[in-house]
2 protein chains.
Amino acid sequence: MKSLKIPEATIIRLSVYSRYLHQLDKNGVTTVSSGQIAEGVNGSSAQVRKDLAYFGEFGTRGVGYNVLDLNQQIIKILGLTNRWNVVIIGAGNLGSALSQYKGFQERAFNVMAVFDNDITKIGLRIGGVPIYPISQLHDFVQKEKVQIGIVAVPATYAQEVVDVLVSAGIKGVLNFAPRVISVPDDIELRNVDLAVNLEILTYNMAMTKR
Amino acid sequence: MKSLKIPEATIIRLSVYSRYLHQLDKNGVTTVSSGQIAEGVNGSSAQVRKDLAYFGEFGTRGVGYNVLDLNQQIIKILGLTNRWNVVIIGAGNLGSALSQYKGFQERAFNVMAVFDNDITKIGLRIGGVPIYPISQLHDFVQKEKVQIGIVAVPATYAQEVVDVLVSAGIKGVLNFAPRVISVPDDIELRNVDLAVNLEILTYNMAMTKR
DNA sequence: GACTGTGAAGCCATTCACAGCT
DNA sequence: AGCTGTGAATGGCTTCACAGTC
């Protein structure tokens, strides 16, 4: 493996390129240049080439990139050639929305179950995904070899839930609770804070007003 | 105005500090050091001090920061002293979840209405927030002086909806649709792509396996 | 003694510019 | 002629280390 340190920003962009390439392919486009990709995703052509260069030489000089090949390569880089087993914890509004989110299924994610401790919800299904009690979370993760847990519970319970996931052998956590979470070093953790995103927006808006 | 260019990463962290300070305050803590904040948010103390130093001198040498004062200052920096009017477009799962998301109300955001073009939903309310037809979006934004639009419609309609928002005089857009959106230079745009977040997770997980 | 505020150093990411291929 | 791949230059963010203050 030659790669050593790849900027996270590069990975984010690769994911965006991938979606754009998929769109191009659907429109019957077979070849694309770094300049065209840049235009499609609001970036620069040098940036696109640099990002791809971390992982190999996917293009043809004088020509460009083959849309399908390139997308296949990116999908491989992102680790999406095999599907991932996912559980969602929290059957509230956000958890329900995430469990039906088409974008997950379309990429390589199987949402296998939702867990909640509201007795009235247990046994129900959200768009085909069953709801189980949190007491079964640990065993389910272990038995079904779930690799990713999406946390959509109130902030107060977030750490507690993550601890259960970790003890059951989860490998990655996507946390939507607005709370700082601790996990062991070998567990991947990403936080999505919806309010933070709005606040960055307002900061910029308040700024430009001057 | 002395500030010229503040890293976006700093703004994101300020938002996180703010939430942590709020939590400290609720626990009765009145004074805090940069080191303690760093510990609470998984950062470094130097980073905390640098972030704050962009905007002024809020601490006392040898002592630390006053929790309440500092949080007040950050809230001011983030532009959250006045409340912002927000509309959500798309009454699907995600739009519904967002419209009831407590984190928005708790900070400075009024979710005034949800818009959708599904006739069966018009007139209903999602947790107190009314649903109106998209045909009324333009006039509502204008009349109610809505500053922020949250886009939670399918990717195909996202640009279309944003165009309406812009023409009605919106100032900021938070886009959840997995599609690259164009807006004029004077409109703030932020994208939250849920699938991208999962994909970064899988990239890192696939990496560490080697 | 403890902790902030900050210049300087170090590190990382992006942009530039061009050599190399088709 | 057109476009990729990449070393070099630039710019930006983070970390270090310490002077300044309480």
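Here is the naming used below: chain letters follow the sequence lines, and residue numbers restart at 1 for every chain.
Nearer the 5' end of DNA chain C, as judged by each residue's closest nucleotide, is the contact made by B:Ser45, out of B:Ser45 and A:Asp51. Along DNA chain C, the nucleotide nearest to A:Thr60 and the one nearest to A:Thr10 differ in position, and the one closer to the 5' end is contacted by A:Thr10.
Distance CZ (A:Phe58) to C1' (D:dG5): 12 Å, rounded to an integer number of Å. Whole-Å rounding puts the B:Ile37 CD1 to C:dT4 C1' distance at 11 Å. As a whole-Å value, the separation of A:Asn66 CG from C:dT22 P is 16 Å. When the C1' atom of D:dC3 is taken as reference, atom CG of A:Leu52 falls 13 Å away, rounded to whole Å. For A:Lys50 and C:dT15, the NZ to C1' distance is 9 Å, given to the nearest whole Å. In this entry the distance linking CD of A:Glu8 with C1' of C:dC11 reads 17 Å, nearest Å. The separation between B:Ile11 atom CD1 and D:dT14 atom P is 11 Å, rounded to whole Å. Taking atom CZ of B:Phe55 as the reference point, atom P of C:dT4 lies 18 Å away to the nearest angstrom.
Between A:Tyr65 and the phosphate of D:dG2, there is no side-chain N or O to OP1/OP2 separation shorter than 4.0 Å. Remark: B:Gln47 is not in phosphate contact with D:dC13, judged by side-chain N or O atoms under 4.0 Å from OP1 or OP2. Look at A:Arg13 and you'll find a side-chain N or O under 4.0 angstrom from OP1 or OP2 of C:dT14. Between B:Ser34 and C:dT4, a side-chain N or O to OP1/OP2 separation shorter than 4.0 Å is present.
Using modelled atom types, one finds no donor on one side chain facing an acceptor on the other under 3.5 Å when comparing A:Arg107 with A:Ser15. The closest side-chain donor-acceptor pair between A:Ser33 and A:Gln36 falls under 3.5 angstrom.
With hydrogens and angles left out, the side chain of B:Lys5 and the base of D:dG11 share no donor-acceptor pair within 3.5 Å. For D:dG20, its base sits under 3.5 Å from the side chain of B:Arg61 at one donor and acceptor pair at least. For C:dG5, the base has a donor-acceptor partner in the side chain of B:Arg49 [N/O atoms by modelled type, under 3.5 angstrom].
Using a 4.0 Å cut-off between charged side-chain N and carboxylate O, B:Glu188 and B:Lys171 make no salt bridge.
Ring centroids of B:Phe104 and B:Tyr101 are separated by less than 6.0 Å, placing the two rings close together.
Residue A:Ser44 is classed as a sugar-phosphate contact, given heavy-atom separations below 4.0 Å to backbone atoms only.
Here the OG1 atom belonging to A:Thr202 is positioned 6.0 Å from the CD1 atom belonging to B:Ile148, to the nearest 0.5 angstrom.
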